Number of protein chains: 2
Amino acid sequence: MRQESTKPEGLRERNRREKYEHITDVSIRLFLENGYDTTTLDEIAHSAGISRRNLFNYFDSKDEILFSHLREYYEMIAESIARSSPDEPALEVVRKAILSNLTRFDAERTLAIAKIMRNNAALQSKNRANEINLEKAIMKGLSALWPAKESHDRLLFVSILSSGAIRFATYTWLRDGNEIKLSDCVVEAFDRLKLETRCTK
Amino acid sequence: MRQESTKPEGLRERNRREKYEHITDVSIRLFLENGYDTTTLDEIAHSAGISRRNLFNYFDSKDEILFSHLREYYEMIAESIARSSPDEPALEVVRKAILSNLTRFDAERTLAIAKIMRNNAALQSKNRANEINLEKAIMKGLSALWPAKESHDRLLFVSILSSGAIRFATYTWLRDGNEIKLSDCVVEAFDRLKLETRCTK
DNA sequence: GTTATTACTGCACTGAGTGCAATTTAATTG
DNA sequence: CAATTAAATTGCACTCAGTGCAGTAATAAC
């Protein structure tokens with residue numbers, strides 16, 4: 001019953017948030033040290049100081065420890081797209097939304113996760129599977145911006161192209177080490193969409 | 001030590017092939033009847049008349065029962081691409097390779113699998129994850145056709161675009177029931193690549 | 001303080017997937 | 001055909017991810 005400004009976060013929420021981050025940090029450290037497959041949920045729970053059962057109150061599965069952070073990021077992209085100008089080309093809207101949210105991107109953590117995934121085909125598959133959420137987020141934003149039912153198919157196609165471009169950008173960024181900026185990779189990947197589809201050979 | 005033409009298939013290989021198909025048929029039937037998640041490997045093995053352990057000599061995992069057939073198909077696409085003319089645009093090469101292998105596509109089984117995946121988000125994710133194999137197959141074919149190292153990035157990009165177009169084609173085909181031919185969907189999806197990336201919405 | 005939520009824990013259970021040793025079946029050779 | 005080799009198949013025991021449940025501890029609200 002505080003009168004001074006709606007309390008934004010109680011002790012409970014803060015604890016939850018901190019524990020969530022703590023579990024993630026501990027897990028990534030263990031994965032880097034011992035590999036993803038050989039690290040069991042028992043070890044993670046023990047290292048994080050909680051029960052194994054309680055892990056599932058924070059993450060739906062072992063994979064989600066690595067990927068769940070992206071959901072929040074995807075949600076921001078969807079909102080950015082929805083708030084864009086409907087006069088611009090759809091692909092341009094998506095590109096700008098990606099670029100404008102890049103600052104919230106945790107590069108260090110992403111690099112660590114990329115390292116964990118290297119040499120683990122199963123994890124790469126799951127990473128790929130997770131891309132479906134990015135695509136749905138883009139589609140959600142685009143549908144809010146252009147709600148006309150007739151445009152559904154072309155918006156879906158734009159979502160597919162966009163998620164492909166983003167994957168390509170991430171790929172080149174990871175490959176070229178830290179010598180290149182992720183934003184440049186994104187710009188280039190979306191440029192490629194226009195170039196590649198009309199060139200001969 | 002037969003002299004009359006190299007024997008193409010022994011009893012062993014034929015049995016293996018037949019059992020492989022049989023297991024697949026039985027599994028799809030059970031999945032349709034009782035759902036994917038609720039059907040256990042024990043049930044599948046029992047219905048197929050083999051031991052549970054032996055299932056893993058045919059499929060690496062439960063998912064692979066649904067997806068492993070595509071590998072053979074992907075391999076044919078890779079070979080078709082590799083045998084194409086290097087004078088055509090890359091995207092055109094891929095489109096033709098897809099179209100020319102469409103006859104080998106088991107539409108009935110694909111429809112059944114699509115039905116199983118409907119309302120099962122986890123399976124849809126795994127389906128998406130499997131797309132990585134299609135992309136690798138396309139990339140493999142393209143790399144054989146244009147081995148120059150400098151072209152790697154653009155070929156990778158073409159692979160990404162192609163797998164996206166194929167997914168879109170599959171989506172529209174499944175959505176519009178049997179009223180439309182899959183080949184038409186593929187043609188349209190690749191046309192869209194050229195249209196969508198230059199238009200101003 | 002008391003009470004209602006929510007967080008956490010332990011336990012027992014299911015089901016996928018693996019390693020291993022033993023057995024059966026098919027292919028090969030003399 | 002008999003003996004040998006190789007592959008297919010099986011059962012068993014095991015690990016680990018994930019779930020349901022019932023009970024306990026901590027926090028928020030009154």
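Heavy-atom basis, side chains included; hydrogens, waters and symmetry copies ignored. Values in this document were obtained by computation on a predicted structure and should not be read as measured data. Residue numbers start from 1 in every chain, and the chains themselves are labelled A, B, ... in the order their sequence lines are given, proteins ahead of strands.
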Between [X] ([atom1]) and [N] ([atom2]), how many Å, whole number?
| X | N | atom1 | atom2 | result |
| --- | --- | --- | --- | --- |
| Leu123(B) | dA16(C) | CG | C1' | 14 Å |
| Ile44(B) | dA16(C) | CD1 | C1' | 11 Å |
| Lys62(B) | dG18(D) | NZ | C1' | 13 Å |
| Asp37(B) | dA17(D) | CG | C1' | 14 Å |
| Leu66(B) | dA16(C) | CG | P | 13 Å |
| Arg14(A) | dA7(C) | CZ | C1' | 16 Å |
| Tyr20(B) | dA7(D) | OH | P | 20 Å |
| Phe31(A) | dA17(D) | CZ | C1' | 12 Å |

Please tell me which of the listed nucleotides, [options], lies nearest to the side chain of [X]?
| X | options | value |
| --- | --- | --- |
| Arg53(B) | dA13(D), dT10(D), dA17(D) | dT10(D) |
| Arg16(A) | dA16(C), dT10(D), dC8(C) | dC8(C) |
| Ser51(B) | dA13(D), dG11(D), dA17(D) | dG11(D) |

* Structure fact -> Assert: residue with more 5' nearest nucleotide on DNA chain D, out of Tyr58(B) and Asn15(A), is Tyr58(B)

* Could you tell me which residues satisfy side chain to side chain donor-acceptor pair (under 3.5 Å) with Asn101(B), sequence neighbours excluded, listed by chain and number? =>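 If we apply the side chain to side chain donor-acceptor pair (under 3.5 Å) test to Asn101(B), skipping adjacent residues, the hits are Ser80(B).
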
* Confirm from the modelled atom types if Arg52(B) and dG15(C) form a donor-acceptor pair under 3.5 Å, side chain to base only. => no

* What do you reckon, are the aromatic ring centroids of Tyr58(A) and His22(A) less than 6.0 Å apart? ->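 Here the rings of His22(A) and Tyr58(A) have centres that are no less than 6.0 Å from each other.
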
* What is the ring orientation for His69(A) with Tyr20(A), classed by angle as parallel under 30°, tilted 30 to 60°, or perpendicular over 60°? ->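 The rings of His69(A) and Tyr20(A) sit tilted, inter-plane angle from 30° to 60°.
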
* Carboxylate-amine/guanidinium proximity below 4.0 Å for Glu75(B) and Arg71(B) ->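 Result for this pair is no, no salt bridge flagged.
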
* Asked: So, are Glu72(A) and Arg104(A) salt-bridged, with charged N and O less than 4.0 Å apart?
  ->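 Arg104(A) and Glu72(A): not salt-bridged.
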
* Please work out if Thr39(A) contacts a base, only the sugar-phosphate, or nothing of the nucleic acid, heavy-atom cut-off 4.0 Å. => sugar-phosphate

* Describe the nucleic acid contact of Asp42(B) in one word from base, sugar-phosphate, nothing, applying a heavy-atom distance below 4.0 Å. => nothing

* Asked: Should Asn54(A) be listed as having a side-chain N or O under 4.0 Å from OP1 or OP2 of dT9(C)?
  ->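 The answer is yes; a side-chain N or O of Asn54(A) sits under 4.0 Å from OP1 or OP2.
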
* To do: Determine: side-chain N/O of Lys19(A) to OP1/OP2 of dC8(C), distance under 4.0 Å, yes or no.
  => yes

